[in-house]
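Notes follow the structure.
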Amino acid sequence: MNPIEERIENLRNELREHNYNYYVLDNATISDYEFDVKLKELQELEAKHPEFFDANSPTQRVGGEVTKNFETIPHEHRMYSLDNSYSKEDLLDWEKRIKKLVDGEVQYTCELKYDGASISLTYENGKLVKAVTRGDGFQGDNVTANVKTIKSVPLQLKGDYPEKFDIRGEIVLPFEGFNKMNEERIEIGEEPYRNPRNTASGSLKLQDSAEVAKRPLECLLYNLTGSNLGIKTQFESLKKAREWGFKVPDAATLAHSIDEVLEFVDYWNTHRHNLPYETDGVVIKVNSLQQQEELGYTAKAPRWAMAYKFKAEQVSTKLNSITYQVGRTGAITPVANLEPVELAGTTVKRASLHNADQIAKLDIRVGDEVYVEKGGEIIPKILGVDLTKRPSGSVPTTYINHCPECHTELVREEGEAQHYCPNYNGCNPQIIGRIQHFISRKAMDIEGLGGETVALLVNEGLITNYSDLYELKKEQVIPLERMAEKSADNLIQGIEKSKTIPFERVLYALGIRYVGETVAKKLARHYKSIDAIAHASEEALVNVDEIGVKIAESVSAFFASTENVFIVNRLKEFGVQLEMSEEELVGKTNKLEGLSIVISGVFESLSRDELKKLIEDNGGKVSSSISSKTSFIVAGANMGPSKKEKAEKLNIELINEYQFLQKLNI
Ligand code: AMP
Ligand code: ZN
């Protein structure tokens, strides 16, 4: 073999193995940094040698392919749905029906019912050739490019896999990743996603696979289909699938009788709350494939399988009123105010109604008795109305068309679920929310000024936007509730001090939609001043690394408003940092961008603080503990033995201070 081809093959195998260890076995065997270095080497080799292209190379996982229209593909084997059961009696009835149709002893495989989006994967000669959504069961959408980016989906199998087969599973978004995605959305002023399941299935239909690659999706497999697979039972097929490299949760159990099935159900009914992803029940399957064949299918579902649905914790209570909240971005959220009721250990008084469509869909009316459920989400949701208890003379809910706070007519853009109040600079909750964001810790970090005082200042008419803060006088503040001489002093001092906050944080503080901390940093470092950003065209903005169309549009729209420009100019006049300072410009590079670096031990030529600053000035991040995310460690004398051991285990590079300075050409 040509040495380059050999190197490429070796890198692919190595990366595949690390991927498998990390995403399927949850057991990292290499640091992220080392992984990235190898991946980069492979990417470069592949770019130089297109003759060795492989559609299933680990480099293909980062995505990049854009699908405008998903092609419809028929399933070779139909994707059936499952019959549902809700009680022990249902399961015993099912057992009776089975016993009538098959002879001999019946065993069952019990599995969890993962709540996500179902997917069918086709493998040929160990390679993933296509991934198709369930669709109507007969045909679905070809989402191969997107599914390839999901790291727990093997692109190349290992072991003694059959030549050709389909495997079915569920694509889920574990809670941890889901919550993290939502935190990021809230930070940039976006509505959080409602639940992991819809977000998972929505992700499969994104046009840009690079976007899918960023989402922490997982694929859990549960069913093999094909001919001549040489497998006799469902339980065995799960074991085999694991051996070939698929992620099959260990919860699956072989039950020798229906009593053991009931035990499994009982156990998971309570323990499911500790799982990292959503489940809505368990699935019980006749274990013998031969018996499965004898049992066959109804028009809709296999006779050999049964879903048992857990009861969601649910109560009914009266809807007292609907109120509407206005968020910092002007988004309107309808809130159901309920007669307080106990649910899953807490008292529930309010539930989100999400938006106008949701209210219309449920036809929910004040005075109705409504069903409330607490699922994976933090805020309880309303499932429906008990129509038998609807009071006579109740009237359908009409959604508001004016802002409850400033009475401006609401707008709803095409494709958006939410109504917005467009009165950006004149609507109190928007003004207050924006100033609260401005003073917050990660933004201007104004000591001595809290969220409630901001509300007071606005409501008293002392300020109408954040630039007014810099004109506040102590005498104006003292008469406010809970203010004294001393606290007023602190407040004025805190505001004064914020004038030294560096430009990138000021940019974040402005509260431009979609401009979170990271984006602000990127823009600040790229353009170096607010004027340069304000004058950049949308096109130019999009060309900046990691700045997408949505962000570019939002930045342009912000500076298109004369009012915003006026406010920003006032900030400038007051001495707020609206460009990078000389000091910031000197010695700042992006050489360590994206790296997470640990400092350990004592150094000869510079102090720890100096070292820290050097890392940050060059775009790196200083982290206090070693993990698989650590890029490298700058190690001085007397590095602790446990740290050393950990670094060795994760194979993280140690360099001394001089090697580090060399990296930066200092
Ligand atoms: P339903 O959508 O309620 O008809 O339930 C059928 C769906 O449950 C299937 O299409 C699968 O996507 C999903 N499912 C989740 N976990 C499993 C599992 N362990 N075995 C079979 N189906 C499952
Ligand atoms: Zn308003």
Side-chain angles (χ1 to χ4, degrees), residues 75 77-86 108-121 131-138 140 166-172 196-198 200-201 204 218-225 234-235 237-238 241 246-253 261 264-265 268 272 275 277-287 292 297-302 304-310 312 324-333 400-411 418-434 458:
H75 294 297
H77 306 273
R78 178 171 163 194
M79 285 180 88
Y80 283 89
S81 117
L82 290 170
D83 282 333
N84 288 324
S85 59
Y86 301 90
Y108 304 89
T109 300
C110 304
E111 297 164 38
L112 295 172
K113 188 168 188 296
Y114 323 110
D115 202 7
S118 25
I119 193 83
S120 178
L121 309 174
V132 183
T133 62
R134 184 183 132 120
D136 62 2
F138 296 99
D166 283 359
I167 185 163
R168 269 86 193 258
E170 200 83 359
I171 292 180
V172 299
R197 192 214 311 128
N198 292 352
S201 56
L204 291 185
E218 273 192 29
C219 184
L220 310 173
L221 287 311
Y222 54 72
N223 180 273
L224 273 182
T225 341
Q234 167 67 9
F235 198 67
S237 73
L238 296 181
F246 293 102
K247 187 156 192 163
V248 178
D250 287 325
T253 302
V261 168
F264 182 90
V265 169
W268 284 108
R272 70 187 157 120
L275 288 165
Y277 39 75
E278 275 187 310
T279 48
D280 60 342
V282 299
V283 182
I284 304 129
K285 299 170 186 167
V286 169
N287 192 40
Q292 286 191 3
Y297 296 82
T298 66
K300 234 186 80 226
W304 46 264
M306 182 57 84
Y308 177 93
K309 293 267 179 117
F310 294 132
Y324 298 85
Q325 284 176 352
V326 188
R328 165 163 82 85
T329 58
I332 308 289
T333 311
I400 51 167
N401 44 31
H402 287 84
C403 175
E405 300 281 344
C406 73
H407 311 294
T408 304
E409 192 169 347
L410 301 180
V411 294
Q418 230 68 21
H419 283 71
Y420 280 85
C421 167
N423 189 8
Y424 186 84
N425 284 317
C427 178
N428 261 9
Q430 295 189 57
I431 295 171
I432 293 171
R434 211 172 309 123
V458 173

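Counting begins at 1 with the first residue of the sequence. We count ligands from 1, going down the list as the structure has it; atoms in each ligand are counted the same way.
With a 4.0 Å heavy-atom cut-off, ligand 1 is reached by the side chain of Arg134 but not by its N, CA, C or O. Contact annotation: for Lys309 versus ligand 1, heavy atoms closer than 4.0 Å belong to the side chain alone. The part of Tyr222 lying near ligand 1 is the side chain, judged by heavy-atom distances below 4.0 Å. At a heavy-atom cutoff of 4.0 Å, ligand 1 is contacted by no atom of Asp115, backbone or side chain. Contacts with ligand 1 closer than 4.0 Å are made by side-chain heavy atoms of Val283 only, the backbone lying farther away. In Lys285, the part holding a heavy atom less than 4.0 Å from any atom of ligand 1 is the side chain. Residue contacts with ligand 1, taken as heavy atom pairs separated by less than 4.0 Å, involve Lys113 via backbone and side-chain atoms alike.
Tyr80 and Tyr297 have parallel rings, their planes meeting at less than 30° on a 0 to 90° scale where 60° marks the start of perpendicular.
Two residues are said to be in side-chain contact when any heavy atoms from C-beta on lie closer than 4.5 Å; Phe246 and Ile167 meet this criterion. Proximity of Lys113 to Val282: side-chain heavy atoms (C-beta onward) are nowhere separated by under 4.5 Å. By the 4.5 Å heavy-atom criterion applied to side chains, Asp280 and Tyr114 are not counted as neighbours.
Within ligand 1, counting atoms from 1 as listed, the ones closer than 4.0 Å to a heavy atom of Glu111 are 18 (C), 19 (N), 20 (N). Using a 4.0 Å cut-off to heavy atoms of Leu112, the atoms of ligand 1 that qualify are 16 (N), 18 (C), 19 (N).
Of the N or O atoms in Gly169, none lie within a sub-3.5 Å distance of an N or O in ligand 1. Considering backbone and side-chain atoms together, Ser118 places an N or O closer than 3.5 Å to an N or O of ligand 1. Close N/O approach between Ser81 and ligand 1 is found [any backbone or side-chain N/O within under 3.5 Å].
Salt bridge annotation for Glu278-Arg197: absent, with no cationic side-chain nitrogen under 4.0 angstrom from a carboxylate oxygen.
Atom 12 (O) of ligand 1 has its closest protein heavy atom at Glu170 OE1, 2.5 Å. Of the protein's non-hydrogen atoms, Tyr114 N, 3.1 Å is the one closest to atom 16 (N) of ligand 1.
When all heavy atoms of Ser237 and Gln234 are compared, the pair lying nearest together is OG-O, 2.6 Å. Taking each heavy atom of Cys427 and Val326 in turn, the nearest pair found is SG-CG1, 4.2 Å. Closest non-hydrogen pair, Tyr420 versus Thr329, comes out as CD2-O, 3.5 Å. Looking at every heavy atom in both residues, His407 comes nearest to Pro404 through CE1-O, 4.0 Å. Ile171 and Ala200 get closest at one heavy-atom pair: O-CB, 3.7 Å. The two residues Asn423 and Gln430 have their closest heavy-atom pair at O-NE2, 3.9 Å.
Backbone or side-chain N, O or S atoms of Cys427 reach the Zn ion (ligand 2) at under 2.8 Å.
Ligand 1 is never approached by Asp280 to a heavy-atom distance shorter than 4.0 Å. Not close to ligand 1: Asn223, with no non-hydrogen atom less than 4.0 angstrom away.
Cys421 contributes SG and Cys406 contributes SG; the angle these two atoms make at the Zn ion (ligand 2) is 100°, rounded to 10°.
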